[in-house]
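The next block holds one structure in the form of structure tokens; read it before the comments.
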Amino acid sequence: LAETLWDGMVASGDLDAELFRYRAVSEAMRRANTSSRNPEMRHIRLVEHQLAIAHRATDWQSVVKGSSSAVTPLLATLRVGWAKAKAGTAGTTRQRYNDGRLWSRGH
């Protein structure tokens with residue numbers, strides 16, 4: 001399955017975008033794990049919606065129901081970690097633009 005997915009992304013030209021997305025989400029989750037900020041329900045719902053779209057499902061429950069028992073715990077971990085990352089960055093985009101800066105933290 002992994003080889004089929006990888007080959008499909010290469011053939012469609014989506015591999016670079018998917019790798020970039022994976023790296024960005026992984027880094028945000030890593031930083032969020034060091035934060036004491038917890039996600040609000042709106043962050044969790046947003047992640048559920050985004051994961052449903054990514055898996056071409058109608059909703060989060062469809063994603064979970066369509067997953068194997070080995071994948072379901074991974075999805076749950078991703079859901080919480082990504083929501084925590086969103087909670088940790090909430091409002092930073094607005095602040096950056098209000099300050100007239102595109103990048104934060106010295107960039």
Side-chain angles (χ1 to χ4, degrees):
L1 177 62
E3 282 185 27
T4 302
L5 291 173
W6 188 271
D7 291 344
M9 285 188 290
V10 169
S12 69
D14 291 337
L15 182 60
D16 288 340
E18 288 298 328
L19 291 174
F20 183 80
R21 189 175 1 260
Y22 173 80
R23 173 115 163 75
V25 169
S26 297
E27 178 63 18
M29 287 173 58
R30 185 189 66 73
R31 289 182 182 193
N33 283 332
T34 63
S35 168
S36 61
R37 188 160 183 185
N38 289 316
E40 297 172 14
M41 188 53 67
R42 66 188 174 104
H43 300 116
I44 293 170
R45 295 291 177 242
L46 178 59
V47 168
E48 290 174 348
H49 179 72
Q50 290 174 323
L51 287 169
I53 290 170
H55 290 270
R56 295 187 174 112
T58 56
D59 57 26
W60 170 248
Q61 291 305 319
S62 298
V63 173
V64 173
K65 287 178 186 174
S67 302
S68 70
S69 59
V71 173
T72 302
L74 298 173
L75 285 171
T77 300
L78 174 62
R79 174 182 169 248
V80 172
W82 196 1
K84 190 169 182 177
K86 287 184 178 299
T89 60
T92 57
T93 302
R94 183 180 304 117
Q95 184 62 43
R96 282 182 282 191
Y97 284 109
N98 287 343
D99 289 347
R101 295 175 286 149
L102 180 60
W103 304 104
S104 65
R105 297 183 182 98
H107 295 284

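Positions are given from 1, in the same order as the sequence printed here. Just so we're clear, the structure is a prediction, and the values are computed from it rather than from any experiment.
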Note to self: If hydrophobic clusters are built by linking Ile, Leu, Val, Met, Phe, Trp and Tyr wherever their side-chain heavy atoms come under 4.5 Å apart, do Val47 and Leu75 end up in the same one?
What the structure shows: yes

Next item on the list: Identify the heavy atoms of Ala32 and Lys84 that sit nearest to each other, and give their distance.
Entry: O-CE, 3.2 Å

Next item on the list: Quick one: pull up CG in Leu19 and CG in Asp14 and give me the separation to the nearest 0.5 Å.
Entry: 10.5 Å

Notebook entry, point to check: Does a side chain donor of either Ser62 or Asp59 reach within less than 3.5 Å of an acceptor in the other side chain?
Noted result: yes

Check: How many angstroms lie between NZ in Lys86 and CZ in Arg45, if you round to the nearest 0.5 Å?
Finding: 14.5 Å

Margin query: Applying the side chain to side chain contact (heavy atoms under 4.5 Å, CB included) criterion to Leu46, which one of His43, Gln50, Arg42 satisfies it?
Written below: Gln50

Margin query: Are Val25 and Met9 linked, directly or through intermediate hydrophobic residues, by side-chain heavy-atom contacts shorter than 4.5 Å (ILVMFWY only)?
Written below: no

Checklist line | Hydrophobic cluster membership, Trp60 vs Val80, 4.5 Å side-chain cutoff | finding: no

Item checked: Co-membership, hydrophobic cluster, residues Trp82 and Leu74, 4.5 Å side-chain -> no

Notebook entry, point to check: Are Leu78 and Ile44 grouped together when hydrophobic residues (ILVMFWY) are joined by side-chain heavy atoms under 4.5 angstrom apart?
Noted result: no

Next item on the list: Compare every heavy atom of Pro39 with every heavy atom of Ala87, then report the nearest pair and how far apart it is.
Entry: CB-CA, 3.5 Å

